[in-house]
There are 2 protein chains.
Amino acid sequence: MESLKPYDTVEVKIKKNSKTTTISGIVMPKEEDDAKNEICIRMENGYKMGLILDKNTTIKKTGHVKETPTTENNPNKSPNKNNQKILFISTGGTIASKIDYKTGGVIAKFTARELEEKVPQLKEIAQPEAKTIFSEMSENLTPKHWKIIAKEIALNINRNDIAGIILMHGTDTLGYTASALSLILKDIGKPVCVVGAQRSSDRGSSDTFMNLICASHVAVGNFAGVFCVMHANTDDNYCSAIIGTRARKMHSSRRDAFKSINENPIAFIYPNGKIKNITNSKKRDNNLKTRIAGNFDSDVMLIKTYPGLNPSIIDFAIENSVKGIVIEGTGLGHIPTAGKNNFLPHLKKCAKLKIPVIMTTQTVYGRTNPNVYSAARYIRETGVIYVEDCISETAYVKLRWVLSQTKDIKEIENLMTKNIAGEISERSDIIEDDCN
Amino acid sequence: MESLKPYDTVEVKIKKNSKTTTISGIVMPKEEDDAKNEICIRMENGYKMGLILDKNTTIKKTGHVKETPTTENNPNKSPNKNNQKILFISTGGTIASKIDYKTGGVIAKFTARELEEKVPQLKEIAQPEAKTIFSEMSENLTPKHWKIIAKEIALNINRNDIAGIILMHGTDTLGYTASALSLILKDIGKPVCVVGAQRSSDRGSSDTFMNLICASHVAVGNFAGVFCVMHANTDDNYCSAIIGTRARKMHSSRRDAFKSINENPIAFIYPNGKIKNITNSKKRDNNLKTRIAGNFDSDVMLIKTYPGLNPSIIDFAIENSVKGIVIEGTGLGHIPTAGKNNFLPHLKKCAKLKIPVIMTTQTVYGRTNPNVYSAARYIRETGVIYVEDCISETAYVKLRWVLSQTKDIKEIENLMTKNIAGEISERSDIIEDDCN
């Protein structure tokens, strides 16, 4: 192997079984913990691949490219328009992780410098500014964290130099956080992209790079609101921007895990900056002053139902002084209304205690409707609030937020059944999929 | 309008706004509760449509067909091979429902005669025999009902004259029941089709007819096992047969609500009897003697997690003497392991009390895996059982069943992580969607 320098362009041939794969790319600078025979190649699609140079690998230098100057050391030659900045806020998760091969643990390290090194294309879009506010895998985040994140965003998004914000977040509960931010951030005139990764950035197949590049295009683009920006499909060609209240993790491991439920994504974004708008969304208004309204402090319980569920779960919620309940029912929003698991008496108890009960569906897709079957009418008559096509995770987050706005049961119902941040779409007169 | 007789072939033109729709079909015999100006047409695709004959409707007789003779009144001219029967067991649900326009309620009425009248094509496939064991919307069904249904199936499926069984069931909890039957029915050598409908049979867009026709083709076909047979897509052209343990209702209202999770359907079935096999499945063996093994009596709790869930829910389960817990975690099978919502001490308590705890994922799609992140390793170390790509609803049903087979925690783990009825597929060495 000839001696290679950072930013040499190379062609690598890897033999495996009887097949040979050829990869072209740019050699990345070595990292401290890289092994001697390890090399990292950035490919044309933005992915980086770590390679072990052994007897099955041949590498050929094909040229050399100049390192893209950073805006820091070339202030007069800013590659991005208006010298705009994107603030990257890291909360932890796979996207901020790199496996430490020495301990087997996962470490988070994210400064602007590291971002620039890892994803050099970002500098062509905007100047990155980075801040780590915590380093948690997202299953450990709580509604308290949502508020801290919202505060950090509100603190920075009104700055004149900030075009948009990218929140780096674990994928496990990314949908919940995106919903929370969508509801608590008012008068939002710039894009906030919530971005995760399903593969850590030290893996060749990591989605970190393309997700960050596409999210950066959204962050400087003509959008306003909170969006989840991640892989749109299993190919590595583009990302989708999903309304924060509609984003749901629908696969445990695939890079295109996030789906837009009951609504189209607002746009598809290609790494080269091409944006294909799918649905209308609010446009950027840099003059809007974003503020925080409310909190998520009220304790709410989310209950998924199933055959055999003892309705005493409702009593448990009441005994634990919850301020609201979201029931993830079956079908159009059903729970047992007969037999020994009859929920009706327990729902009436909630009504008496003025504990709002919200109905969603465990089918994930589709709308709830209390008017099709008579049993659901009895449920509705106890005061249970059906929230149309709002997904249960968002309904849970929203109820916590609504309880910070009002304690009046009628007003709670009004807010829960009203579209606040894209979480409820209008019911069309015709059932969309009915063949008549 | 000229006077029409049952089994006249007709062409109907319906004017609506400025458009005219033409429908061809066969006039069905009148039902007692049909209005005078009401007529029911069976179209070529098997659907029946109720029409109100008003000034916008013109109807033209084009011929007459002979009523297909039933095997009962023409024993020597049986249109189906070997004079085989299909037993239709009705438990209620939309498929067994017809809205009573007088009361607004839903009534269930299903005799073999009514089946023949409503879906005359069935007689060309097999002689129907019908039995109603209860009339419940499926959200009211409990694990006790699963056992009753299983007993009814076991009582009849070994009969020489029965080719297969069709279970008519509400869609809300159809997936749970299909899982239960898949596990409790042993040595099953014939097909058991669990069939629901998303639109009641008095609606023109009802899926009842095509679902029953396609399920009948499966019931006399070369299959063995429990399958959910319903619309495969939003068009009305074919159904899919999904392994009972993989069927999940994924939409609250669409006719193609049932999806095969983490596994392909075994076959697509066309109303004309054409069957396209997709994956290998067990083949019919009429000599097998089906029996029931076990029950679902042990109380198990299914808990969906979310940010802010108080781990005291585990203590509630323990206090209620549950015999097992299924946790629908996030991502690869995660729950909080830090902060005030740390579940680890509560999981250790379960281990001490020998209460098995099973981990699934709320992403619906994908496999759990405790070996990717260190936090999950801590969860695993408390004894939590990760059940691969088994969906949470099936894991819940299965744990109830496994507890009727053994109380030994090691044996419970063995059974829960072993594929019994198609609910767990082998992990491939390569992550299927990884681009490397």
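The chains referred to below are lettered A, B, ... by the order of the sequence lines, with proteins before strands, and numbering in each begins at 1. Everything numeric in this text was worked out from a predicted model, so none of it was measured.
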- Does any heavy atom of chain B fall under 4.5 Å from the side chain of A:Tyr306, the backbone, both, or neither of them? both
- Message: Under a 3.5 Å distance rule, please check whether B:Tyr396 uses its side chain to pair with a backbone N or O of A:Pro307 as donor and acceptor.
- Response: yes
- Query: Taking it one step at a time, do B:Thr330 and A:Thr171 satisfy side-chain contact (heavy atoms from CB on, under 4.5 Å)?
  - Reply: CA-CA 9 Å; B:Thr330 55; A:Thr171 56; over 6 Å; no
- Most heavy-atom pairs under 4.5 angstrom with chain A, which of B:Ile313, B:Thr361, B:Val397, B:Asn341? B:Ile313
- Under 4.5 Å heavy-atom distance to chain B, tell me which part of A:Ala375 shows up: side chain, backbone, both or neither. side chain
- Note on the structure: Looking only at B:Val364, B:Thr337, B:Asn262, the option with the highest number of non-hydrogen pairs under 4.5 Å against chain A is B:Thr337
- Do you know the tightest heavy-atom contact between A:Ser312 and B:Asn320? OG-OD1, 4.0 Å
- Message: If you count every heavy atom of other residues, nucleotides or ligands that lies below 6.0 Å from B:Lys147 atom NZ, does the total exceed 12?
- Response: yes
- Query: Considering all heavy atoms of both residues, which atom of A:Gln198 and which atom of B:Tyr373 are nearest to each other, and what is their separation?
  - Reply: O-OH, 4.5 Å
- Task: Under 4.5 Å heavy-atom distance to chain B, tell me which part of A:Leu302 shows up: side chain, backbone, both or neither.
- Result: both
- Item | Toward chain B, the part of A:Leu332 with a non-hydrogen atom under 4.5 Å | both
- Message: With a 4.5 angstrom heavy-atom cut-off, is it the side chain or the backbone of A:Asn369 that approaches chain B, or both, or neither?
- Response: neither
- Message: With chain A as the partner, which of B:His145, B:Met301, B:Glu136 has the greatest number of non-hydrogen pairs under 4.5 Å?
- Response: B:Met301
- Query: Measuring from B:Arg248:CZ to A:Gln362:CD, what's the distance to the nearest 0.5 Å?
  - Reply: 6.0 Å
- Task: For each of A:Gly331, A:Ser138, A:Gly339, A:Gly170, tally heavy-atom pairs with chain B at distances under 4.5 Å, and name the one with the top tally.
- Result: A:Gly331
- Note on the structure: Taken to the nearest 0.5 Å, the spacing of B:Glu328 CD from A:Lys304 NZ works out to 3.5 Å
- Task: Rounded to the nearest 0.5 Å, what's the gap from CG on B:Leu309 to CG on A:Asp299? Could you check?
- Result: 9.5 Å
- Item | A:Val300 portion near chain B, given a 4.5 angstrom heavy-atom threshold | backbone
- Look at atom OH of A:Tyr378 and say whether more than 12 heavy atoms of other residues, nucleotides or ligands are closer to it than 6.0 Å. no
- Does any non-hydrogen side-chain atom of B:Thr368 lie less than 4.5 Å from one of A:Ser252? no
- Is chain B contacted by the side chain of A:Thr360, its backbone, both, or neither, given a heavy-atom distance below 4.5 Å? neither
- Query: Distance-only, no hydrogens or angles: does the A:Thr363 side chain make a donor-acceptor pair with backbone N or O of B:Lys249 under 3.5 Å?
  - Reply: no
- Message: Is B:Ile303 close to chain A through its backbone or its side chain, or both, or neither, when contacts mean heavy atoms under 4.5 Å?
- Response: neither
- Query: Do you know the tightest heavy-atom contact between B:Glu139 and A:Pro336?
  - Reply: O-CG, 3.3 Å
